[in-house]
Amino acid sequence: MVVTSLVLLTDSREGVDRVLPSLTLLRHRVRVVPLSPSVLVDLRDAEVVLVDARRELVIARAICQLAATLDTPPVLLVLDDGGWPVVEPSWAAADVVSVSAGPAELDARIRLLAEREVATAPDDDRVETGDLVIDASGYTARLRGQVLDLTYKEFELLRYLAANPGRVFTRAQLLQEVWGYDYFGGTRTVDVHVRRLRAKLGVEYDQLIGTVRNVGYRFNDPLDADDAH
């Protein structure tokens with residue numbers, strides 16, 4: 001069995017054996033931390049993050065959604081019977097597992113998440129589409145080799161859209177994914193940032209960010225950009 005470094009976020013003082021009993025039968029390294037969004041900034045060498053959602057579903061959802069906007073390892077959500085009916089794709093967890101899962105199932109889920117993270121990691125820092133190159137590690141976006149003068153949120157919005165070409169996002173979804181779970185502003189801020197982004201992309205490239213009437217926005221393939229509006 002490959003040993004994986006795990007971080008367990010939980011508000012339980014009962015130990016790993018009560019949160020996820022099967023985990024005590026496996027040889028993975030486990031570090032237990034409080035169930036709080038603030039711990040996401042210090043995951044160190046974790047390969048998979050376990051979030052205990054048995055009791056605090058609201059906090060667990062917020063942590064999963066925040067993790068999806070950060071450069072964090074994949075999140076495995078731990079649920080009891082009461083949690084399954086309320087979990088939705090919008091929670092953005094990479095996978096879910098029951099507290100009663102056996103060691104073989106749990107080990108397989110952890111292994112698949114860790115291997116998927118390794119396989120996709122090289123592509124996370126760089127998005128290339130046509131003349132646009134986005135380098136997340138350096139927080140730069142280049143168009144025909146020229147660096148675009150973007151604010152942090154403009155960069156994050158462009159990167160998120162470009163990483164999901166063709167997918168339509170509502171304004172609410174973009175607020176959640178780019179601004180985060182604790183942002184209380186209105187959806188109009190998305191329109192403002194899209195307008196600024198288009199201006200900085202210039203007339204030749206502004207249609208890379210397409211408007212889907214009465215829905216939201218999407219990133220258009222450069223070859224199809226002329227049809228974006």
Side-chain angles (χ1 to χ4, degrees), residues 9 36-43 49 51 58-75 77 87-94 117 120-143 147-202 205-222 225 228-229:
L9 280 66
S36 169
S38 63
V39 304
L40 294 178
V41 301
D42 182 25
L43 294 178
V49 176
V51 175
V58 174
I59 295 177
R61 178 182 63 186
I63 290 173
C64 290
Q65 292 174 338
L66 179 59
T69 70
L70 302 173
D71 184 20
T72 62
V75 171
L77 195 64
V87 174
E88 300 177 348
S90 63
W91 285 44
E117 178 71 0
T120 59
D123 298 325
D124 289 342
D125 288 341
R126 190 178 180 89
V127 177
E128 295 188 40
T129 176
D131 294 327
L132 178 66
V133 178
I134 300 172
D135 180 7
S137 61
Y139 276 95
T140 58
R142 297 177 183 272
L143 193 57
V147 176
L148 296 174
D149 183 17
L150 304 178
T151 65
Y152 175 76
K153 286 302 182 185
E154 288 169 354
F155 175 84
E156 288 295 314
L157 179 58
L158 179 62
R159 179 175 72 153
Y160 188 75
L161 288 170
N164 297 277
R167 180 178 173 185
V168 179
F169 294 97
T170 66
R171 292 166 177 80
Q173 285 175 319
L174 291 172
L175 275 179
Q176 174 182 291
E177 298 297 338
V178 177
W179 277 261
Y181 77 101
D182 57 349
Y183 181 78
F184 296 104
T187 55
R188 177 171 167 73
T189 192
V190 176
D191 298 326
V192 172
H193 280 72
V194 166
R195 185 167 64 249
R196 291 174 179 169
L197 263 179
R198 284 174 172 161
K200 292 180 179 182
L201 289 170
Y205 294 94
D206 64 353
Q207 293 181 6
L208 286 174
I209 302 178
T211 299
V212 180
R213 190 178 300 277
N214 298 324
V215 181
Y217 299 101
R218 72 180 175 202
F219 188 88
N220 293 306
D221 186 291
H229 293 285

Colleague: Is the backbone N or O of V212 less than 3.5 Å from a side-chain atom of R218, with the two atoms forming a donor-acceptor pair by type?
Modeller: no

Colleague: Determine the sole option in L197, T189, V190 for which the side chain to side chain contact (heavy atoms under 4.5 Å, CB included) test with H193 is passed.
Modeller: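 That would be T189.
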
Colleague: Are L174 and L161 close enough that some pair of their side-chain heavy atoms sits under 4.5 Å apart?
Modeller: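 Yes. Closest side-chain heavy atoms under 4.5 Å.
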
Colleague: Could you measure the distance from the OH atom of Y205 to the CG atom of D131? Nearest 0.5 Å is fine.
Modeller: 3.5 Å

Colleague: If you compare all heavy atoms of Q176 against all heavy atoms of S90, which two are closest, and at what distance to 0.1 Å?
Modeller: NE2-O, 3.4 Å

Colleague: Kindly say whether the aromatic ring centers of Y152 and Y139 come within a distance under 6.0 Å.
Modeller: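 Under 6.0 Å, so yes.
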
Colleague: Applying salt bridge (charged side-chain N to carboxylate O under 4.0 Å, His left out), name anything that partners D135, two or more places apart in sequence or on another chain.
Modeller: none

Colleague: Is T129 reaching over with its side chain to a backbone N or O of L132, donor-acceptor style, under 3.5 angstrom?
Modeller: no

Colleague: Can you sort out the partners of V58 under side chain to side chain contact (heavy atoms under 4.5 Å, CB included), two or more places apart, ordered by chain and number?
Modeller: R61

Colleague: NZ/K200 to CZ/F155 distance, rounded to the nearest 0.5 angstrom?
Modeller: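 Result: 12.5 Å between the selected atoms.
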
Colleague: Looking at R159 and E156, is any side-chain nitrogen of the basic one under 4.0 Å from a carboxylate oxygen of the acidic one?
Modeller: yes

Colleague: Hey, what do you get for CD1 (I134) to OH (Y160), rounding to the nearest 0.5 Å?
Modeller: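 Reported to 0.5 Å precision, the distance equals 13.5 Å.
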
